[in-house]
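Here the structure is laid out as structure tokens; the discussion comes afterwards.
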Amino acid sequence: MNYPWDTWAKLHPDNNWWVNVSREYADTVHAHSSGYMTDLNNGITNGYAWYEVAGGRQDYMNYFQHCREVTIELSNTKLLPASQLESHWNYNYRSFLNYIEQANYGINRDGYRFFDGRTTKGESIHTES
């Protein structure tokens, strides 16, 4: 898991969230595979710490479109042989589902949902400029 930023040395404002979901992804993969996705920090890295990329899609989408986009390096091989696709799917599908679940957390028009399930539904959220 290569999480933002790729362009800047500064950490993303949501760095703690990125580390948490990336760690969850890699740990889930490790529970269902052996010796897979173990590079760098045992499967996760800040993009800039790995190698700088200027003008990449991940940073564009996160910075300008205000979304959460990540790069998941599924293999060191650009085109996996068909015989390895099922194994890679089995290594990753649970982690994909966990990552999709993370979309339920954060600020939305109805309030804020925390990782532990608490919500602020019906409460006002105020920020300081």
Exercise. In Å, rounded to the nearest 0.5 Å, how long is the span from CD1 of Ile72 to CG of Asn2?
Worked result: 10.0 Å
Seminar exercise, completed: By side-chain hydrogen bond (donor to acceptor under 3.5 Å, both in side chains), Asp27 pairs with (sequence neighbours left out) Arg23
Problem set entry | Single-linkage hydrophobic cluster, 4.5 Å side-chain cutoff, Leu40 and Tyr3 together | no
Exercise. Roughly how far, to the nearest 0.5 Å, is the CG atom of Asn76 from the CG atom of Asp39?
Worked result: 5.5 Å
For this session: State plainly whether one hydrophobic cluster holds both Tyr91 and Met1, where clusters connect Ile, Leu, Val, Met, Phe, Trp and Tyr through side-chain heavy atoms under 4.5 angstrom apart.
Result: yes
For this session: Run the ring-centre check on His32 versus Tyr93 and record whether the distance is less than 6.0 Å.
Result: no
Exercise. Are the side chain of Asn62 and the backbone N or O of Gln58 linked by a donor-acceptor pair below 3.5 Å?
Worked result: yes
For this session: Please answer whether the main-chain N or O of Trp17 pairs with a side-chain N or O of Asp14 as donor and acceptor at a distance below 3.5 Å.
Result: no
Exercise. Do Asp59 and Thr7 meet the criterion of a side-chain donor-acceptor pair at a distance under 3.5 Å?
Worked result: yes
Exercise. Okay, side chain of Tyr36, backbone of Leu74: is any donor-acceptor separation there less than 3.5 Å?
Worked result: yes
For this session: Check for a donor-acceptor pair, side chain of Asp6 on one end and backbone N or O of Val53 on the other, with a separation under 3.5 Å.
Result: no
Exercise. Glu69 side chain to Met61 main-chain N or O, any donor-acceptor pair under 3.5 Å?
Worked result: no
Problem set entry | Aromatic plane relationship, Trp89 with Phe96 - under 30° parallel, 30 to 60° tilted, over 60° perpendicular | tilted
For this session: Calculate, to the nearest 0.5 Å, the distance between atoms CG and CG belonging to Asn15 and Asn46 respectively.
Result: 6.5 Å
Problem set entry | Connected via hydrophobic side-chain network under 4.5 Å: Val70 and Leu97 | yes
For this session: Kindly give the heavy-atom pair with the smallest separation between His30 and Asn42, and that separation in Å.
Result: CE1-O, 3.0 Å
Exercise. For the atom pair CG (Asn98) and OG1 (Thr28), what is the distance rounded to the nearest 0.5 Å?
Worked result: 4.5 Å
Exercise. Within a reach of under 6.0 Å around CZ of Arg94, are more than 12 heavy atoms found that belong to other residues, nucleotides or ligands?
Worked result: yes
Exercise. Around atom CD of Gln65, are there more than 12 heavy atoms of other residues, nucleotides or ligands at under 6.0 Å?
Worked result: yes
For this session: Evaluate the ring planes of Trp18 and His12, with Trp represented by its six-membered ring, and classify them as parallel (under 30°), tilted (30 to 60°) or perpendicular (over 60°).
Result: perpendicular
Problem set entry | Steps toward ring-ring contact (aromatic ring centres under 6.0 Å, His included) verdict (Trp8, Tyr63) | CA-CA 11 Å; Trp8 304 287; Tyr63 187 82; 5.5 Å; yes
Problem set entry | Thr77 side-chain N/O to Leu79 backbone N/O, donor-acceptor pair under 3.5 Å | no
Problem set entry | Side-chain cluster (under 4.5 Å, hydrophobic types only) that Leu80 belongs to, other residues | Leu85
Problem set entry | Exercise: identify the closest heavy-atom pair between Ser33 and Val29 | OG-O, 2.8 Å
Problem set entry | hydrophobic_cluster_shared for Trp5 and Val21, side chain cutoff 4.5 Å | no
Problem set entry | Polar contact flag, side-chain donor to acceptor under 3.5 angstrom, Tyr25-Asn20 | no
Problem set entry | Mutual orientation of the aromatic rings belonging to Tyr60 and Phe64 [parallel < 30°, tilted 30-60°, perpendicular > 60°] | tilted
Exercise. Are Val19 and Tyr48 co-members of a hydrophobic cluster defined by side-chain heavy atoms under 4.5 Å apart?
Worked result: no
